[in-house]
Amino acid sequence: MPRLLRSMARTAAIAGTATAVSGRVAHRQAGRWQEQQAAQAPPPQPVYAAPPPPAPAPAAAAASMDDKLQQLQQLGTLKDQGILSDAEFEAQKARILAG
């Protein structure tokens, strides 16, 4: 009987040691894996603000207004001739004034 008890104690000690070593190895491998993942991640890209839009030139605005007036006069002529319906005229007028 003492032999059986000694054999059981030895087996328990070996199993306990193996479990402890296995746990430490698994923990160390998990730490290394996390370090590798952190090293492989690309660095965050900086976020830049968009540059402000350029200020419109006053001469271009005046020329643009003259162009719009000319286009509106042409639209009025087309409407008077019956080529454009009221809805088409209003749609084109809105497009010209918005642009």
Side-chain angles (χ1 to χ4, degrees):
M1 191 76 157
R3 214 179 231 171
L4 181 62
L5 204 53
R6 194 175 333 145
S7 178
M8 287 175 53
R10 185 179 305 149
T11 302
I14 292 172
T17 304
T19 302
V21 170
S22 171
R24 281 191 297 244
V25 168
H27 182 69
R28 188 176 330 129
Q29 286 177 344
R32 287 181 183 168
W33 182 81
Q34 286 178 347
E35 289 173 4
Q36 286 177 349
Q37 293 301 319
Q40 290 177 357
Q45 296 293 325
V47 178
Y48 297 106
S64 175
M65 185 57 73
D66 290 340
D67 291 340
K68 288 181 181 182
L69 288 174
Q70 185 179 11
Q71 288 175 349
L72 289 172
Q73 287 175 348
Q74 290 173 350
L75 275 178
T77 304
L78 291 174
K79 181 183 173 201
D80 291 341
Q81 293 174 354
I83 298 173
L84 291 177
S85 68
D86 289 338
E88 292 171 330
F89 173 76
E90 291 299 325
Q92 291 299 321
K93 183 175 84 170
R95 183 186 60 80
I96 291 171
L97 293 176

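Owing to the predicted nature of the structure, the values given are computational and were not obtained by experimental measurement.
Tracing side-chain contacts under 4.5 Å through hydrophobic residues (I, L, V, M, F, W, Y), one reaches Leu84 starting from Leu97; they form part of the same cluster.
Remark: of the listed residues Gln71, Gln74, Gln70, Gln71 is the sole one forming a side-chain contact (heavy atoms from CB on, under 4.5 Å) with Ile96.
In this model, a donor atom of one side chain and an acceptor atom of the other lie less than 3.5 Å apart for Gln92 and Arg95.
Salt bridge Lys93/Glu90: present, at least one basic N to carboxylate O contact under 4.0 Å.
By the salt bridge (charged side-chain N to carboxylate O under 4.0 Å, His left out) test, Glu88 pairs with no residue at all, sequence neighbours left out. Remark: Gln81 engages Thr77, Leu78, Ile83 in a side chain to side chain contact (heavy atoms under 4.5 Å, CB included) (not counting sequence neighbours). By the salt bridge (charged side-chain N to carboxylate O under 4.0 Å, His left out) test, Asp86 is found to be paired with Lys79, residues two or more places apart in sequence or in another chain being considered.
Remark: Leu75 CG to Phe89 CZ distance equals 6.0 Å, nearest 0.5 Å.
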